[in-house]
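Numbers here simply count residues along the sequence, with the first being 1.
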Amino acid sequence: MFFGKFYSGLVSFWVARETNDRKQVLTKWKWMKRGVACKDKIEKLSVSASTWNFENKLYLLQAEEQFSSRNFEMAETLYDAAILSSKVHKFVN
């Protein structure tokens, strides 16, 4: 269940990024909203269930959100945080 939300969030942010046409602003907004909803669910799991298992996924979704919003410096910081969290929590891939 939670992996579905994680992957749905990644895909949603990707689709939002690929929606560049000014005529598709509502479509982009719809996909961003879906991505944020997935990110929020992973954030709740990170706090309530297991920081160990969900922190790196949360950072990755936050990075994707920032990248999709063209906040590249913040995205880079969050990508690095996701990598570090994965290493600290011994997720090798």
Taking only residues two or more places apart in sequence, or in another chain, which ones meet Tyr59 in a ring-ring contact (aromatic ring centres under 6.0 Å, His included)?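 ring-ring contact (aromatic ring centres under 6.0 Å, His included) check on Tyr59 returns nothing, list empty.
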Flag yes if Ile83 and Phe67 sit in one hydrophobic cluster, no otherwise; membership is Ile, Leu, Val, Met, Phe, Trp, Tyr, and two members link when side-chain heavy atoms are under 4.5 Å apart.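 As far as the 4.5 Å side-chain criterion goes, Phe67 and Ile83 are not connected within one cluster.
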Are Leu60 and Val11 in one and the same hydrophobic cluster, where Ile, Leu, Val, Met, Phe, Trp and Tyr link if side-chain heavy atoms are under 4.5 Å apart?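 In one cluster: no.
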Once rounded to the nearest 0.5 Å, what's the spacing between atom CD1 of Ile42 and atom CG of Leu61?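 Output value for this atom pair is 6.5 Å.
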Suppose the criterion is side chain to side chain donor-acceptor pair (under 3.5 Å): which pairs have a residue in residues 29-38, not counting sequence neighbours?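 The answer is none; no pair qualifies.
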Please list, chain by chain and in numerical order, all residues satisfying side-chain contact (heavy atoms from CB on, under 4.5 Å) with Glu18, sequence neighbours excluded.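 In terms of side-chain contact (heavy atoms from CB on, under 4.5 Å), with neighbours along the sequence ignored, Glu18 is linked to Trp14.
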Return the set of residues passing side-chain contact (heavy atoms from CB on, under 4.5 Å) with Ala49 (not counting sequence neighbours), or none when no residue passes.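 Ala49: side-chain contact (heavy atoms from CB on, under 4.5 Å) contacts with Leu45, Phe54.
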Decide whether a cation-pi geometry holds between Lys57 and Phe91; the criteria are a distance under 6.0 Å from NZ or CZ to the six-membered ring centre and an angle within 45° of the ring axis.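 Yes, Lys57 lies over the aromatic ring of Phe91.
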Full working for side chain to side chain donor-acceptor pair (under 3.5 Å) between Asn56 and Ser85: CA-CA 5 Å; Asn56 62 332; Ser85 176; 5.0 Å; no
Listing request: all salt bridge (charged side-chain N to carboxylate O under 4.0 Å, His left out) pairs with a residue in residues 43-53, at least two apart in sequence or in separate chains.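 For residues 43-53, and leaving out neighbouring residues, there are no salt bridge (charged side-chain N to carboxylate O under 4.0 Å, His left out) pairs at all.
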With a 3.5 Å cut-off and sequence neighbours excluded, list the donor-acceptor pairs that the side chains of residues 69-81 form with protein atoms.
unit_1: Ser69; atom_1: OG; unit_2: Glu65; atom_2: O; d: 3.1
unit_1: Asn71; atom_1: ND2; unit_2: Gln66; atom_2: OE1; d: 2.8
unit_1: Thr77; atom_1: OG1; unit_2: Glu73; atom_2: O; d: 3.2
unit_1: Tyr79; atom_1: OH; unit_2: Glu64; atom_2: OE2; d: 2.6

Of the non-hydrogen atoms in Ser68 and Lys28, which two are nearest, and what is the gap between them?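 What the structure gives for the nearest pair is O-NZ, 3.9 Å.
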